[in-house]
Amino acid sequence: MTQQQPALIHEWAVTPAEARRIQTRLAAKVSLADAYPALRRVAGVDVGFEDGGAVTRAALVLLSWPTLEPLEQVLVRHPTRFPYVPGLLSFRELPAVLDAFEQLSAVPDLVFCDGQGVAHPRRLGIAAHLGVLTGLACIGVGKSRLIGRHDAVGDRRGDCTPLWLDGARIGSVLRSRTGVRPLYVSPGHRVAQETAPQLVMQALTRFRLPEPIRAAHRLASAPAIARAAERSASRSPRS
């Protein structure tokens with residue numbers, strides 16, 4: 001991927017305490033003002049694990065905007081080198097994700113990440129961490145709440161209410177489909193709080209998840225599904 005070199009970089013082989021200090025330092029670099037280019041291409045990111053967590057599998061899908069037609073996809077596997085520590089998942093997942101971005105042939109104008117943006121204890125979930133390191137505009141879309149409180153959100157598609165922590169807005173709770181559980185949307189970088197749920201709505205089709213993340217999830221899940229089918233076939237009695 002041809003893009004400006006990241007202005008910020010850090011070591012990945014660090015202790016959890018060092019990782020938290022890095023998060024605090026990088027969180028000060030996050031911009032919550034709309035500063036993304038005219039949208040032509042968007043990306044979706046999803047991360048899974050294999051071999052009991054020993055291998056990190058990063059899926060990256062590039063789509064056209066606003067038609068959401070698939071343009072390119074990348075699947076990368078890395079040895080997992082950081083332990084599972086709540087609040088520090090980006091240190092476990094981002095090395096593989098950054099490698100996937102290096103293999104992408106075109107720069108996305110906006111990235112949708114399966115995970116949190118600034119709705120994070122130190123305001124640096126994976127979408128914010130990725131945005132600061134790459135300079136890309138990013139949005140975090142979580143399937144569950146990590147932190148914060150909110151009022152009840154309406155049941156209809158598009159209903160939205162702010163997510164708060166200590167008097168500050170850290171995200172939005174968005175009903176992406178009528179009658180389904182809401183999504184927890186927060187800016188990662190170069191996207192405003194009010195804009196993030198609007199962009200997620202524009203990226204929806206008829207499913208709960210925005211299409212860039214849904215496409216990345218399908219790509220990330222395909223190898224595991226194929227292996228499960230192979231194991232099932234090997235256990236089946238032969239005719």
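The figures that follow rest on heavy atoms only: side chains count, while hydrogens, waters and symmetry mates do not.
Between the side chain of R175 and the backbone N or O of V180 there is at least one donor-acceptor pair closer than 3.5 Å. Side-chain atoms of E72 come within 3.5 Å of backbone N or O of S105 as a donor-acceptor pair. Panel note: side chain R57, backbone A220; a donor-acceptor pair is recorded below 3.5 Å. When atom types are taken as modelled, the side chain of E50 and the backbone of R77 share no donor-acceptor pair closer than 3.5 angstrom. The backbone N or O of E69 lies less than 3.5 Å from a partner atom in the side chain of S64, making a donor-acceptor pair. In this structure, the side chain of D109 engages the main chain of R40 through a donor-acceptor pair within 3.5 Å. Side chain of E93 to main chain of I126: no donor-acceptor pair is present (N/O by atom type, distance under 3.5 Å, no hydrogens or angles). Side-chain atoms of T178 come within 3.5 Å of backbone N or O of R157 as a donor-acceptor pair. Between the H189 side chain and the S31 main chain, a donor and an acceptor come within less than 3.5 Å of each other. The closest donor-acceptor contact from the side chain of R92 to the backbone of T80 lies at 3.5 Å or more, if one exists at all.
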Derivation of the side chain to side chain contact (heavy atoms under 4.5 Å, CB included) call for T134 and F101:
CA-CA 9 Å; T134 63; F101 270 94; 5.5 Å; no
Test W12 against L94 for side chain to side chain contact (heavy atoms under 4.5 Å, CB included), laying out the working first.
CA-CA 9 Å; W12 295 100; L94 270 186; 3.6 Å; yes
Would you please test L199 and L39 for side chain to side chain contact (heavy atoms under 4.5 Å, CB included) and show each step?
CA-CA 10 Å; L199 289 169; L39 298 184; 3.9 Å; yes
Checking L130 against C113 for the side chain to side chain contact (heavy atoms under 4.5 Å, CB included) test, could you report, in this order, the C-alpha distance in whole Å, the side-chain angles of both residues, the deciding distance, and whether it holds?
CA-CA 9 Å; L130 175 65; C113 296; 3.7 Å; yes
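A distance of 10.5 Å separates CZ of R169 from OG of S186, quoted to the nearest 0.5 Å. Distance check, rounded to the nearest 0.5 Å: SG of C160 to CD of E194 gives 10.0 Å. The line from CZ of R208 to CG of L183 is 5.0 Å long, rounded to the nearest 0.5 Å. To the nearest 0.5 Å, atoms CZ (R206) and OG (S176) are separated by 13.5 Å. How far CD1 of I170 is from CH2 of W164: 10.5 Å, rounded to the nearest 0.5 Å. Note that the CG atom of L104 and the CG atom of L60 stand 5.0 Å from one another [nearest 0.5 Å].
At a threshold of 4.5 Å between non-hydrogen side-chain atoms, the residues V55 and F49 do not count as touching. Between P210 and L204, some side-chain heavy-atom pair lies under the 4.5 Å cut-off. No side-chain heavy atom of F82 sits under 4.5 Å from any side-chain heavy atom of L89. Taking 4.5 Å as the limit, some side-chain heavy atom of H150 sits within range of a side-chain heavy atom of R145. P121 places none of its side-chain heavy atoms less than 4.5 Å from the side chain of Q23. Residues R21 and V14 are not in side-chain contact: their nearest non-hydrogen atoms beyond the backbone lie 4.5 Å or more apart.
For Q193 against P197, the heavy-atom pair with the smallest separation is O-CD, 3.1 Å. Among all heavy-atom pairs drawn from H120 and L124, the shortest one is ND1-N, 3.3 Å. Between P108 and A43, the shortest heavy-atom contact is CB-CB, 3.8 Å. When all heavy atoms are compared, the tightest approach of A127 to I139 is CB-C, 3.7 Å. Residue P95 comes nearest to H78 through the heavy atom pair O-CE1, 3.5 Å, listed as atom of the first residue, atom of the second, then distance. Residue L219 comes nearest to V74 through the heavy atom pair CD2-O, 3.5 Å, listed as atom of the first residue, atom of the second, then distance.
The residues D114 and K143 are annotated as salt-bridged, a charged nitrogen and a carboxylate oxygen being separated by less than 4.0 angstrom.
Residues that satisfy the salt bridge (Lys or Arg N to Asp or Glu O under 4.0 Å) test with R122, not counting sequence neighbours, are absent from this structure.
Around the NE2 atom of H217, the shell of radius 6.0 Å holds no more than 12 heavy atoms that belong to other residues, nucleotides or ligands.
I147 and L26 are members of different hydrophobic clusters when ILVMFWY side chains are connected at heavy-atom separations under 4.5 Å. Linking ILVMFWY side-chain heavy atoms closer than 4.5 Å, directly or via other members, places V30 and V45 in a single hydrophobic cluster. In the hydrophobic clustering of this structure, Y184 does not group with I213; members are Ile, Leu, Val, Met, Phe, Trp, Tyr whose side-chain heavy atoms approach within less than 4.5 Å, directly or through other members. Under a hydrophobic clustering in which Ile, Leu, Val, Met, Phe, Trp and Tyr are joined whenever their side-chain heavy atoms come within less than 4.5 Å, directly or via other members, V47 and L136 fall into the same cluster. In terms of hydrophobic clustering, with Ile, Leu, Val, Met, Phe, Trp and Tyr side chains grouped at heavy-atom distances under 4.5 Å, L88 and L146 are assigned to different clusters.
The aromatic rings of H129 and H10 sit tilted relative to each other, their planes meeting at an angle between 30° and 60°.
With respect to P212, the side chain to side chain contact (heavy atoms under 4.5 Å, CB included) criterion is satisfied by exactly one of L63, D46, V200, L62: L63.
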